[in-house]
Amino acid sequence: MRIEVLRKSRGLDGRAIAVALAWLLLALGPLHALPAVADEAAPAAAPAAAAAPAAAPAAPAPTEPFLVTNDKISSGDTAWMLTSTALVLMMTIPGLALFYGGMVRKKNVLATLMQSFAITCLVTMLWWLVGYSLAFTPGSTPYLGGWAHSLLNTVSYLKEAGKTSVSHIATTIPETVFAMFQLTFAIITPALICGSFAERMKFSAMMWFMAIWLLVVYCPIAHMVWEPSGWLAAKGVLDFAGGTVVHINAGIAGLATALMLGKRQGLGRESMAPHNLTLTVIGASLLWVGWFGFNAGSAVASDGRAGMAMTATQIATAAAALAWMFTEWAAKGKPSVLGIASGAVAGLVAITPASGFVGPSASVIIGVAAGVLCFVASTSLKKVLGYDDSLDAFGVHCVGGIVGALLTGALVSREISGVDGSVATQLWGVGTTLIYGFVASLIILKVIDLTIGLRVTSDEEREGLDIAMHGERIE
């Protein structure tokens, strides 16, 4: 996972639905109930008559959360992770909210901002309720965690006993900090999906979709990739900070929603120009700054690996922004503000899975590849295939995530990461996320469409979602 590889259209037919349901039943199979949080002495207990320390066997690495005394907590690591958690939260509110809000038309700005804000609140409550447990509890199945951390009831701080619980994935920081850091990833992932269906989805449908999607899609993928006992983690799939779990996952779900909802009214006939690119640039800038918490924070320590991840992130982002800008300049005759901002985000996306595994020179290659390929996906590919990915969530996040995940396998440095990479192994992570995420998202969307409906009416879409959904407008 993050510290080491082991921390590391309505046209659905009955057969496709049956296959998809089989996937879901497999993932949601028998769940493991983790025993009460173990004391730190348990995993390392030694017989009373143990031999001299030099002869004693090494204690096995912990495989589930456990209690430690407070002096085992690193104040430096904890301070960095508290900072990183705040930085990643800033990526959604206000970063992503402003980035998306500036790209829609004036009549939909408030509704777009509302989506990011409401998702932040909704996911927080679901993460407390059961999300963290399903994603990060070791389970009896490698596809999904157990229920032991529901309500965060075993995430402990015991002042009088002088102890606190830590995750087996991050043993030098309180589990409370680790759980909140992971929450910020769970928040931004569904929020990214909103870019694909901007300006045409009912707010109630959006809330239902995001709630179900988080538990049915995000939590299983996070468990498979980031929980050491997860299926993809055991295969050796590398994803330092979320190329598959966050970006491919959100991007392919965005494509599913774009296909299910259809195109915006007037697309190709009316102007769909961004209302306020100033907001978009501010949002992109906040995303860039916050991404240091996203990537460098995924070292889960204040150490040299965090520093290398920050370096790779900065260089790849700049390379991608310039690559997009020059490609657009050559293709269209002028470099656009929206283009360079989108290129920067593409670079951030692509370097995410590789950031703790590659050096500066490899990050340039990843950034340039992402800038060029995401530009093509967001312009030419979208036109050829005819889907309406409103704000290019699929073109930037899914395509950029795939580029980054595959190049991670090709460019990983053993000196930096301590592991070997394989493009073939990375394909397991990419393919699983694409297939499972797309099919499961389509099923969720279809169920919602058959019950409460997905799309606003024609009159509401023409009026704008600000008034139609929220009774407010920008004057």
Side-chain angles (χ1 to χ4, degrees), residues 87-88 90-91 94-103 188 192 195 240-243 246-247 250-251 274 276-296 308-355 358-382 389 391-408 411:
L87 286 170
V88 182
M90 185 186 73
M91 290 171 62
L96 186 68
L98 292 174
F99 183 69
Y100 280 169
M103 285 195 279
I188 197 169
L192 291 171
F240 190 72
V246 176
H247 298 293
N276 190 335
L277 282 177
T278 301
L279 296 181
T280 296
V281 172
I282 293 172
S285 302
L286 289 168
L287 284 169
W288 190 335
V289 174
W291 225 285
F292 292 127
F294 201 81
N295 287 357
M308 184 60 78
M310 175 176 281
T311 300
T313 299
Q314 177 69 17
I315 293 172
T317 305
L322 292 174
W324 184 305
M325 183 190 76
F326 285 120
T327 303
E328 183 182 41
W329 202 342
K332 299 185 176 182
K334 293 182 180 179
S336 70
V337 174
L338 178 59
I340 195 170
S342 298
V345 174
L348 291 164
V349 169
I351 197 60
T352 291
S355 54
V358 301
S361 297
S363 68
V364 174
I365 298 172
I366 293 171
V368 171
V372 174
L373 294 175
C374 289
F375 170 78
V376 172
S378 299
T379 53
S380 302
L381 181 64
K382 184 163 65 172
D389 178 14
L391 310 180
D392 296 316
F394 173 77
V396 171
H397 293 278
C398 190
V399 173
I402 292 171
V403 170
L406 296 181
L407 287 178
T408 298
L411 300 174

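Note that the structure is predicted; figures quoted are calculated from it, not measured.
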K.L.:
Using side-chain hydrogen bond (donor to acceptor under 3.5 Å, both in side chains) as the criterion, list what pairs up with Ser361, not counting sequence neighbours.
P.N.:
none

K.L.:
Just one of Ile188, Leu348, Val349 clears the side chain to side chain contact (heavy atoms under 4.5 Å, CB included) bar with His247, so which one?
P.N.:
Val349

K.L.:
Without swapping roles, check the side chain of Asn295 against the backbone of Ser355 for a donor-acceptor pair under 3.5 Å.
P.N.:
no

K.L.:
For the pair Tyr100 and Leu279, evaluate side-chain contact (heavy atoms from CB on, under 4.5 Å) and give the outcome as yes or no after the intermediate values.
P.N.:
CA-CA 8 Å; Tyr100 280 169; Leu279 296 181; over 6 Å; no

K.L.:
Measure across Val399 and Ala377 and return the closest heavy-atom pair with its distance rounded to 0.1 Å.
P.N.:
CG2-CB, 3.7 Å

K.L.:
What pairs of donor and acceptor atoms, side-chain ones from residues 314-325 against any protein atom, are under 3.5 angstrom apart with sequence neighbours left out?
P.N.:
from   : atom 1 : to     : atom 2 : distance (Å)
Gln314 : OE1    : Trp288 : NE1    : 3.0
Thr317 : OG1    : Thr313 : O      : 2.6
Trp324 : NE1    : Gly339 : O      : 3.4

K.L.:
Show the nearest heavy-atom pair for residues Ser363 and Ile351, with the distance to one decimal.
P.N.:
CB-CD1, 3.8 Å

K.L.:
Look only at the side chain of Glu328 and the backbone of Phe375, and say whether a donor-acceptor pair between them is shorter than 3.5 Å.
P.N.:
no

K.L.:
Of all the heavy-atom pairs spanning Leu286 and Met90, show the shortest one and how long it is.
P.N.:
O-CE, 3.6 Å

K.L.:
What pairs with Ser342 under side-chain hydrogen bond (donor to acceptor under 3.5 Å, both in side chains), at least two apart in sequence or on another chain?
P.N.:
none

K.L.:
Any idea which heavy atoms bring Leu192 and Ala250 closest together, and the distance?
P.N.:
CB-CB, 3.9 Å

K.L.:
If you compare all heavy atoms of Pro360 against all heavy atoms of Thr311, which two are closest, and at what distance to 0.1 Å?
P.N.:
CG-CG2, 4.2 Å

